[in-house]
Structures are given as structure tokens and as C-alpha cells.
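What follows is a single structure, written as C-alpha cells, with notes after it.
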Amino acid sequence: MTGLLLTGQILLAQDKTINPGAIWPDSDGNHIQAHGGGIIKIKGTYFWYGEERRKGLDSNFRYVSCYSSTDLINWKFRNDVVKMSDPENLGKGWILERPKVFFNAETKKYVMYFHLDDVTYQYARVGIAISDRADGNFRFVKSLRPLGRPSRDIGQFIDDDGSAFLIFEDRELGFHIAQLSADYMNVEKEMSLIKMPLEGGALVHFEGLYYVIGSQLSGWAPNPNKYATSKTLSGPWTAFNDIAPPGSNTYQSQSTMMLKVVGTNATAVIFMADQWNPSHQSDSRYLWMPLEIGKGKLWLPKPQPWTIDLKEGAVKLVSKKQ
Ligand code: GAL
């Protein structure tokens with residue numbers, strides 16, 4: 001059933017499908033600004049955090065947005081949960097990218113990790129900010145080099161038993177998967193170092209196997225993203241294979257996360273990626289698609305509108321009108 005929402009003077013139909021690559025209006029009708037993002041689920045509500053890049057932002061600050069949804073399709077803007085001035089004298093053009101939020105059940109804190117850098121990308125650290133609320137204002141705590149290593153793109157992974165991991169790109173050594181400390185305020189234990197030049201890291205645990213995805217290092221320009229599998233987070237990992245026809249450059253996108261939805265009838269794994277528009281970042285788009293996954297294989301189908309029944313875990317591709 002199509003619901004109708006009255007917001008101000010605009011009558012908005014609630015969306016029933018996710019349309020990869022299209023403008024994605026939030027419940028106020030504005031294109032969602034949550035680039036390089038990550039998602040957590042808290043008691044039936046999904047929170048999507050990402051780089052806030054709408055037009056007209058104050059260039060002295062960096063912003064992280066937070067949206068919420070109960071169906072993964074219709075999203076409500078909650079807050080710019082980060083509005084941060086240069087925390088460590090990084091200078092003009094300093095960088096805050098790829099924010100990822102973890103909820104720590106013991107400390108009851110929301111702990112955000114993000115890529116913190118200077119304009120030349122040489123600082124290469126992660127920043128940590130915390131909040132008592134999912135959509136509260138996050139307070140910067142510190143920055144660090146995870147496991148003492150330089151870190152640029154980061155990804156997040158929460159395993160089925162709740163343990164939390166940071167994926168980070170280390171230009172010299174490769175791609176790290178590392179466990180967070182009990183309070184999530186540190187990166188504590190290396191699980192794997194995959195000696196591949198990969199970033200945009202994402203992981204999912206599906207039917208007894210870990211699937212890891214990364215993009216190659218080509219800046220904002222898309223490239224063929226790759227995957228490998230392993231029975232354990234400490235490897236050994238298989239060789240990497242393409243997730244989509246290599247000529248499509250992952251359908252002009254770059255991975256940021258894989259989201260697992262466990263329903264009563266099926267389990268869906270959603271590939272979440274960014275279609276960057278470097279000269280108009282506020283117009284960067286999202287490519288979310290359910291993956292074909294299982295028995296060691298992973299494949300990103302050609303993007304098309306789709307829908308999901310969260311209760312059942314069932315996804316349905318919706319063919320475009322001719
Ligand atoms: C990409 C990275 C983005 C951003 C960009 C800058 O490789 O994934 O998050 O850092 O480079 O060129």
C-alpha cells in the first residue's frame with residue numbers, strides 16, 4: 001500500500017522501492033546526504049550515518065548526518081550529528097570521511113569512527129567521537145593510528161555475536177581487519193592483514209563464510225570492486241574476484257558497506273555503495289542492491305529498482321516500466 005505523508009505544503013508518496021543511482025529523497029523531499037556511510041540497527045530502527053555534503057555548508061566545519069528508517073526505503077533526516085571544526089590543526093581543506101557508528105551495549109555509548117586527514121591525505125588517522133544518543137551531537141574524543149598504522153578509508157563490521165571490527169586501508173601493507181577493544185575506544189587486535197591495495201572495505205558473515213569486499217585505489221573514480229572469502233576472520237582468504245562485470249566499474253560505484261537482513265524466510269545481503277560526483281558532491285548518488293551470495297560466490301546484479309520485506313527478509317526486483 002502506498003502511504004501519503006503531509007510535510008508542509010508538499011504531499012509526498014512514501015516510496016516502495018529503492019532506486020539505485022537515482023536521487024533519493026528523504027521524508028522532507030531532500031536528496032539524502034549520507035555518503036561513504038554506515039548503518040546500525042537499534043531496536044527495529046536503522047540509523048544511517050554518512051558524510052553530509054549538502055550545498056551551502058560552512059567550509060570551516062565538517063558534518064556527519066544521521067537518518068533513520070524502519071523499512072530501509074523511507075528515511076527521515078534526524079540531525080547533523082557532527083558539526084566539527086578542525087580538531088587537530090590540520091589546516092584548510094582538512095578531511096572527515098566515511099563515518100561509521102558502533103553502539104556499545106555495555107557503556108551505552110554510540111562510538112563513531114571516521115577517517116581524519118589533512119588536505120594532502122598524509123595525516124592518515126582515525127578520529128573517534130561519542131554520543132549518548134544515536135542522533136545526538138557527537139563529541140570528538142581523540143584520533144589514533146589503528147595498530148600504529150596509517151589509515152585512510154575505513155569500514156565497519158559487526159559479527160553475529162556482536163563483536164565489532166574496523167576495516168582500514170594501509171597504503172604500505174594492505175587491508176586490515178581489526179577488532180575493537182571492549183569499550184570500542186581503541187583498535188585492539190589484528191584479525192587479518194590482506195596484502196592487497198584495497199579500500200572502501202566491507203564485510204559480511206553469511207552462511208558460515210566471511211565475504212570481504214574492497215575497491216581498488218582510484219580516488220573518486222570507480223573501478224572493478226573485488227571480493228574474497230574465508231571461513232574465519234583471520235583467514236586464509238581466497239583469491240579476489242570481480243563482484244560485477246569489470247567493464248562496468250561496479251556500475252560506476254564504490255563499496256561502503258554490506259548490510260545483512262535476517263528475516264523469517266530468507267536472509268538478504270545488501271551492497272551499499274557510493275556513486276561519487278566529485279565536482280558536485282551533494283549530488284553523489286547511492287547504489288544499493290541485494291547481492292546474489294552463497295557457497296563462496298558473490299555477485300552484484302545489474303542495478304534496477306527493488307524492494308524488501310524486512311520481516312521475511314525477502315527482496316524483489318521490480319522491473320522498470322517500458
Ligand atoms: C577514495 C576514497 C574516498 C575519498 C577519495 C578522495 O579513494 O574511497 O573516501 O577519500 O578517495 O580522492
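Remember, it's 1-based here, ligands and their atoms both numbered in the order they're listed. Every value quoted in this text rests on a predicted model; they were computed, and no experiment measured them. Residues: numbered from 1 along the sequence shown.
Remark: minimum distance from atom 9 (O) of ligand 1 to any protein heavy atom is reached at Arg98 NE, 3.0 Å. The nearest heavy-atom contact from the protein to atom 8 (O) of ligand 1 is Asp153 OD2, 2.6 Å.
For His35 and Gln281, the side-chain atoms include no donor-acceptor pair closer than 3.5 Å. For the residue pair Asn223 and Ser218, a side-chain donor N or O sits within less than 3.5 Å of a side-chain acceptor on the partner.
Among residue pairs with one or both ends in residues 288-298, none qualify as side chain to side chain donor-acceptor pair (under 3.5 Å); sequence neighbours excluded.
Contact detail for Pro222 and Ser253: the closest heavy-atom pair is CB-N, 3.8 Å. Across every non-hydrogen atom of Ser131 and Arg133, the tightest pair is OG-O, 2.7 Å.
Near Tyr121, the atoms of ligand 1 lying under 4.0 angstrom from a non-hydrogen atom of the residue are 4 (C), 6 (C), 10 (O). Short contacts between ligand 1 and Gln254, defined as distances under 4.0 Å to a heavy atom of the residue, involve ligand atoms 7 (O), 8 (O). Atoms of ligand 1 lying under 4.0 Å from at least one heavy atom of Gly219, given by number and element, are 1 (C), 7 (O), 11 (O), 12 (O).
The option with the heavy atom closest to atom 7 (O) of ligand 1, from among His115, Glu199, Glu97, is Glu199.
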